[in-house]
Amino acid sequence: MTETADTYTPRTRFAVPGRIAVSEQAATLWQTATITEIRRETPHAATFRLAVPDWTGHLPGQHLMLRLTAGDGYVAQRHYSIASAPDDSGHIELTLDHVDGGEVSGWFHTVAEPGDTVEVRGPLSGFFAWPGDRPALLLGAGSGVVPLMSMVRHHRARGLDVPLRLLVSARSPEEFVYAREYGAETTPVFTRSAPEGVVVGRMAAAHVAPLLAEQPPGGWEAYVCGSNGFAEHASRLLVAAGQPVDRIRIERFG
Amino acid sequence: MNVTRGFTGRPRVHNEALPPGQYDAGDDWPVLSAEVTPDLTPAEWSFRVDGLVEEPRSWSWDEAHALPESVYEGDIHCVTSWSKFGVRFGGVSLDAFLGVVRPHVSATHVVAYSHTGYTTNLPLADVTGGRAWIAWEYDGRPLTPEHGGPARLLVPHLYFWKSAKWIAGLRVLDREEPGFWEQNGYHARGNPWEEQRYSGD
């Protein structure tokens with residue numbers, strides 16, 4: 001018997017579709033990327049600008065795979081979110097934390113210089129992409145703000161009218177990546193130390209509620225990025241505040 | 001080979017159990033689900049197998065636990081390039097469930113789906129013959145919600161996105177039907193030994 005009428009429907013609806021089709025060719029092909037600029041963001045994070053002449057373009061929120069090769073053929077590869085907005089400059093930017101004992105981030109922070117080459121493939125995954133169409137509610141912590149900053153930059157560069165809000169958590173003003181770039185769309189949250197007059201504390205319902213109170217037409221598409229601990233916390237805040245689970249996209253670092 | 005100037009990498013460990021491009025995550029077990037972790041109790045959990053089978057049916061938590069217990073001890077591999085060695089999952093072999101529903105001879109693939117709506121596709125041959133489980137214990141303890149508890153699919157010889165968390169069922173098909181990540185550019189099969197990470201690999 002072939003059963004079709006009686007198939008099970010899960011009680012929750014996630015099944016969030018990808019936002020875009022992904023190019024199979026771009027995802028498969030390794031390309032040489034040349035470091036053209038290194039900018040310090042915080043004591044532990046720096047931005048690396050890469051020239052990728054044959055870059056096919058990306059959407060804000062997408063990531064790539066990057067690999068380094070040692071002289072004996074040993075290869076280390078990692079996924080990194082793209083920080084820059086899509087443009088036709090033939091360049092992309094990555095912002096990397098210097099991870100304790102990290103073989104790839106350690107190379108970037110202690111060895112890399114302009115002129116060095118690495119290899120990248122991508123952009124990858126359409127799931128966390130934001131084409132700039134739907135109202136975007138962005139929650140990030142630490143370097144989890146990187147793909148969200150690509151969205152903020154895209155929003156500004158294109159002068160988009162669609163609402164966009166960013167709630168970003170950092171340990172301290174010193175660890176606050178892209179501090180000079182934020183505007184009226186951003187609410188910062190400081191968890192260990194804060195500028196004078198700003199409360200220290202974890203991201204809370206009180207931060208999320210006002211954003212969900214101002215529902216734009218069609219509702220928010222929520223994007224959450226950070227450590228798993230942050231992602232669990234922030235996604236629960238969103239659900240508790242009434243954001244539908246099928247409108248929450250999560251990217252966890254690991 | 002494009003050697004990266006000044007890159008040496010971590011000390012080499014000769015480990016034949018490490019697939020190409022992977023590193024040993026040690027005690028870490030990263031969580032990478034793309035959706036909100038559901039609040040799902042064992043009493044609410046159920047597992048169903050339907051589609052091209054003789055007798056579609058559902059199992060409650062207690063009914064599934066009445067099937068013969070089976071343990072997987074070995075390694076797991078995530079497409080983001082970590083591998084984890086010497087893990088121990090407890091549950092029931094998928095063969096026990098499929099033996100009850102009896103797939104048609106025309107069946108070639110399955111789509112596994114979660115209580116969240118997440119989906120992933122697998123060849124039937126990859127989930128039969130003692131290579132796949134419904135797992136509810138990790139290291140002798142109940143599987144935690146972040147790792148797919150109360151129960152997840154476990155297909156350890158493929159990249160771990162195939163091992164759907166919060167497993168709700170399998171739909172048995174006579175064709176391949178791409179799941180969530182497979183529609184987002186990931187490989188249809190995901191064999192770590194052939195480094196099938198992305199579509200086209």
Side-chain angles (χ1 to χ4, degrees), chain A residues 1-4 6-8 10-18 22-25 27-28 30 32 65 67-79 101 103 107 111-113 116-119 121 124-128 228 231-232 235-236 238-239 245-246 248-254, chain B residues 1-10 12 20-23 25 28-40 44 46 48 50-56 58 78-82 104 113-119 145-146 166 168-169 171 180-181 183-186 197-201:
Chain A
M1 179 187 94
T2 301
E3 188 188 53
T4 50
D6 185 29
T7 47
Y8 173 82
R11 69 187 186 112
T12 58
R13 256 293 158 221
F14 157 66
V16 184
V22 176
S23 159
E24 186 169 309
Q25 203 182 347
T28 309
W30 285 103
T32 298
M65 196 165 217
R67 79 176 173 195
L68 306 181
T69 305
D72 64 353
Y74 172 83
V75 167
Q77 48 191 359
R78 300 287 184 275
H79 284 115
E103 58 181 342
W107 179 85
V111 179
E113 293 172 357
D116 282 336
T117 57
V118 299
E119 289 176 290
R121 62 191 285 197
L124 305 173
S125 180
F127 169 71
F128 205 71
N228 177 54
E232 284 291 308
S235 61
R236 279 165 203 276
L238 285 170
V239 172
V245 289
D246 62 357
I248 302 176
R249 296 166 190 275
I250 304 177
E251 189 142 285
R252 307 171 200 241
F253 291 162
Chain B
M1 189 168 78
N2 284 308
V3 174
T4 313
R5 183 191 64 83
F7 176 68
T8 50
R10 63 183 75 204
R12 310 292 185 267
Q22 297 289 108
Y23 69 94
D28 287 346
W29 189 6
V31 174
L32 291 156
S33 16
E35 70 265 57
V36 178
T37 300
D39 287 317
L40 188 67
E44 291 167 318
S46 62
R48 177 168 184 81
D50 56 27
L52 297 177
V53 299
E54 295 299 324
E55 280 183 62
S58 299
C78 176
V79 70
T80 63
S81 61
W82 57 265
H104 293 174
Y113 53 96
S114 295
H115 284 272
T116 60
Y118 175 86
T119 55
E146 284 169 32
W166 316 297
R171 198 159 294 138
F180 175 73
W181 284 119
Q183 291 170 43
N184 275 287
Y186 284 71
R197 297 178 196 273
Y198 303 105
S199 177
D201 276 354

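The sequence lines fix the lettering, A, B, ..., with proteins before strands; numbering per chain opens at 1. Keep in mind the model is a prediction, meaning the values are calculated, not measured.
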Subject >> Heavy-atom pair with the smallest gap, counting every atom of A:I250 and B:V36 >> reply: CD1-N, 3.6 Å
Subject >> Interchain contact, B:E146 with chain A, by part (heavy-atom threshold 4.5 Å) >> reply: side chain
**OP:** Can you tell which part of A:V239 gets under 4.5 Å to a heavy atom of chain B, answering side chain, backbone, both or neither?
**Re:** side chain
Subject >> Rounded distance [0.5 Å steps], OG1 in A:T117 versus CG in B:N2 >> reply: 6.5 Å
Original post:
Just wondering, do B:E35 and A:V245 contact through their side chains at under 4.5 Å, heavy atoms?
Top reply: no
**OP:** Ignoring hydrogens and angles, tell me if any N or O in the side chain of A:W107 forms a donor-acceptor pair with the backbone of B:R5 under 3.5 Å.
**Re:** yes
Subject >> From OH (A:Y74) to CE (B:M1), nearest 0.5 Å >> reply: 14.0 Å
Subject >> From CZ (B:R197) to CD (A:Q77), nearest 0.5 Å >> reply: 4.5 Å
Subject >> Taking every non-hydrogen atom, the tightest pair across B:Y186 and A:H79 >> reply: OH-NE2, 4.4 Å
Subject >> Interface moiety of A:E251 toward chain B, non-hydrogen atoms closer than 4.5 Å >> reply: neither
**OP:** Not counting sequence neighbours, which residues clear side chain to side chain donor-acceptor pair (under 3.5 Å) with B:S58? List them please.
**Re:** B:R48
**OP:** Write down the atom of A:A70, the atom of B:R12, and the distance for their closest heavy-atom approach.
**Re:** CB-NH2, 3.4 Å
Subject >> Interchain contact, B:W181 with chain A, by part (heavy-atom threshold 4.5 Å) >> reply: side chain
Subject >> B:F7 versus A:T69, closest heavy-atom pair with distance >> reply: CD2-C, 3.6 Å
Original post:
Rounded to the nearest 0.5 Å, how far does CZ of A:R78 lie from OG of B:S81?
Top reply: 5.0 Å
**OP:** Tell me, out of A:V75, A:D116, A:T32, A:L238, who's got the most heavy-atom pairs with chain B below 4.5 Å.
**Re:** A:D116
Original post:
Which pair of non-hydrogen atoms, one from A:F127 and one from B:N184, has the smallest distance, and what is that distance?
Top reply: N-OD1, 3.1 Å
**OP:** Starting from the C-alpha separation in whole Å, work towards a yes-or-no answer on side-chain contact (heavy atoms from CB on, under 4.5 Å) for B:T37 and A:R236.
**Re:** CA-CA 9 Å; B:T37 300; A:R236 279 165 203 276; 4.1 Å; yes
Original post:
Which atoms form the tightest heavy-atom contact between A:M65 and B:V79, and what is the distance?
Top reply: CE-O, 4.1 Å
